[in-house]
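Position 1 is the first residue of the sequence, and the numbers go up from there. What you see is a predicted model; the values in this text were computed from it and never measured.
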Amino acid sequence: QVQLVESGGGLVQPGGSLRLSCAASGRISSFYVMAWYRQAPGKQRELVAIVTNAGITTYGDSVKGRFTISRDNAKNTVYLQMNSLKPEDTAVYYCNMREWATTLDYWGQGTQVTVSS
């Protein structure tokens, strides 16, 4: 049983920045992959970024060069630094954890990010 708690969402102007955090608690294994997804109204859920236990990162094409994912294994926390935000970044952002051993997925409740002037 793993619980994911997100924070940092909100309203920001175009060109601004936000930093999302996701803290995991409960029965956590030593090896896991963390990721951020997002879903805008009328669209399918989209992969934003992935970071492995070793710190290897992957980004969706729409956020490359603007977003940075990182993790603190000691705190079981993943971050998403979002810079140069655009209105099209507006979505509900979801934190995800996938365990290496079981391939089980855990999800946060989602946090709203709105980019508007």
Side-chain angles (χ1 to χ4, degrees):
Q1 296 181 348
V2 175
Q3 297 80 43
L4 304 177
V5 180
E6 301 167 331
S7 62
L11 175 65
V12 64
Q13 293 184 342
S17 299
L18 281 176
R19 190 192 192 208
L20 305 182
S21 299
C22 175
S25 62
R27 204 166 179 268
I28 304 170
S29 65
S30 298
F31 300 96
Y32 54 91
V33 176
M34 300 291 292
W36 288 95
Y37 291 79
R38 68 185 183 186
Q39 188 167 23
K43 296 183 179 180
Q44 294 185 333
R45 186 168 296 186
E46 174 190 19
L47 173 67
V48 176
I50 300 173
V51 59
T52 70
N53 229 90
I56 301 172
T57 59
T58 303
Y59 296 93
D61 290 338
S62 62
V63 306
K64 287 181 179 178
R66 299 188 298 120
F67 291 9
T68 302
I69 189 171
S70 61
R71 63 191 290 168
D72 186 336
N73 289 336
K75 297 180 179 180
N76 293 319
T77 301
V78 64
Y79 306 94
L80 184 67
Q81 179 67 46
M82 304 184 293
N83 299 324
S84 302
L85 284 163
K86 305 174 181 179
E88 49 263 45
D89 294 319
T90 297
V92 178
Y93 284 70
Y94 297 93
C95 178
N96 169 265
M97 171 187 283
R98 176 172 291 182
E99 295 182 338
W100 271 111
T102 65
T103 71
L104 292 176
D105 281 330
Y106 303 92
W107 294 89
Q109 295 296 310
T111 184
Q112 178 69 47
V113 173
T114 302
V115 184
S116 177
S117 60

**Message:** Applying disulfide bond (SG atoms under 2.5 Å apart) as the test, list every pair that has at least one member in residues 10-48; sequence neighbours left out.
**Reply:**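 Counting only pairs at least two positions apart or across chains, the disulfide bond (SG atoms under 2.5 Å apart) contacts touching residues 10-48 are Cys22-Cys95.
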**Request:** Mind checking side chain to side chain donor-acceptor pair (under 3.5 Å) for Arg45 and listing every partner two or more places apart, or none if nothing turns up?
**Result:**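 In terms of side chain to side chain donor-acceptor pair (under 3.5 Å), with neighbours along the sequence ignored, Arg45 is linked to no residue.
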**Item:** All pairs passing side chain to side chain donor-acceptor pair (under 3.5 Å) where residues 84-97 contributes a residue, at least two apart
**Value:**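 Listed by first then second residue: Arg38-Asp89, Arg38-Tyr93, Arg66-Asp89.
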**Request:** Just do the side chain to side chain contact (heavy atoms under 4.5 Å, CB included) check on Tyr59 and Val51 with the steps written out, would you?
**Result:** CA-CA 9 Å; Tyr59 296 93; Val51 59; over 6 Å; no
Tell me whether [X] shares a hydrophobic cluster with [Y], the cluster being built from Ile, Leu, Val, Met, Phe, Trp, Tyr side chains joined at under 4.5 Å.
| X | Y | answer |
| --- | --- | --- |
| Trp36 | Val2 | yes |
| Leu11 | Phe67 | no |
| Val63 | Tyr37 | no |
| Trp107 | Met34 | no |
| Tyr106 | Val48 | yes |

**Validation row: Leu20, Met82 side chains within 4.5 angstrom (heavy atoms)** =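 Yes, their side chains come closer than 4.5 Å.
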**Heavy-atom side-chain contact between Ile69 and Ile50 under 4.5 Å** =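 Answer no - side chains too far apart.
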**Message:** Would you say CD of Gln39 has more than 12 non-hydrogen atoms from neighbouring residues, nucleotides or ligands within 6.0 angstrom?
**Reply:**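 Result for CD/Gln39: enclosed.
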Any chance you could measure [X], atom [atom1], to [Y], atom [atom2], to the nearest 0.5 Å?
| X | Y | atom1 | atom2 | result |
| --- | --- | --- | --- | --- |
| Asn53 | Glu99 | CG | CD | 11.0 Å |
| Ser25 | Lys75 | OG | NZ | 15.0 Å |
| Arg98 | Ser29 | CZ | OG | 13.0 Å |

**Over all atoms of both residues, closest heavy-atom pair of Glu46 and Ser62** =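 Reported closest heavy-atom pair: OE2-OG, 3.0 Å.
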**Asked** Are a donor atom and an acceptor atom from the side chains of Asn76 and Tyr32 found within less than 3.5 Å of each other?
**Response**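 Note: Asn76 and Tyr32 side chains meet the donor-acceptor criterion.
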**Asked** Between Arg71 (side chain) and Thr52 (backbone), is there a donor-acceptor pair under 3.5 Å?
**Response**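 At least one qualifying donor-acceptor pair exists.
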**Message:** Any side-chain to backbone donor/acceptor pair from Tyr79 onto Thr68? Under 3.5 Å, distance only.
**Reply:**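 Between the backbone of Thr68 and the side chain of Tyr79 there is no qualifying donor-acceptor contact (under 3.5 Å).
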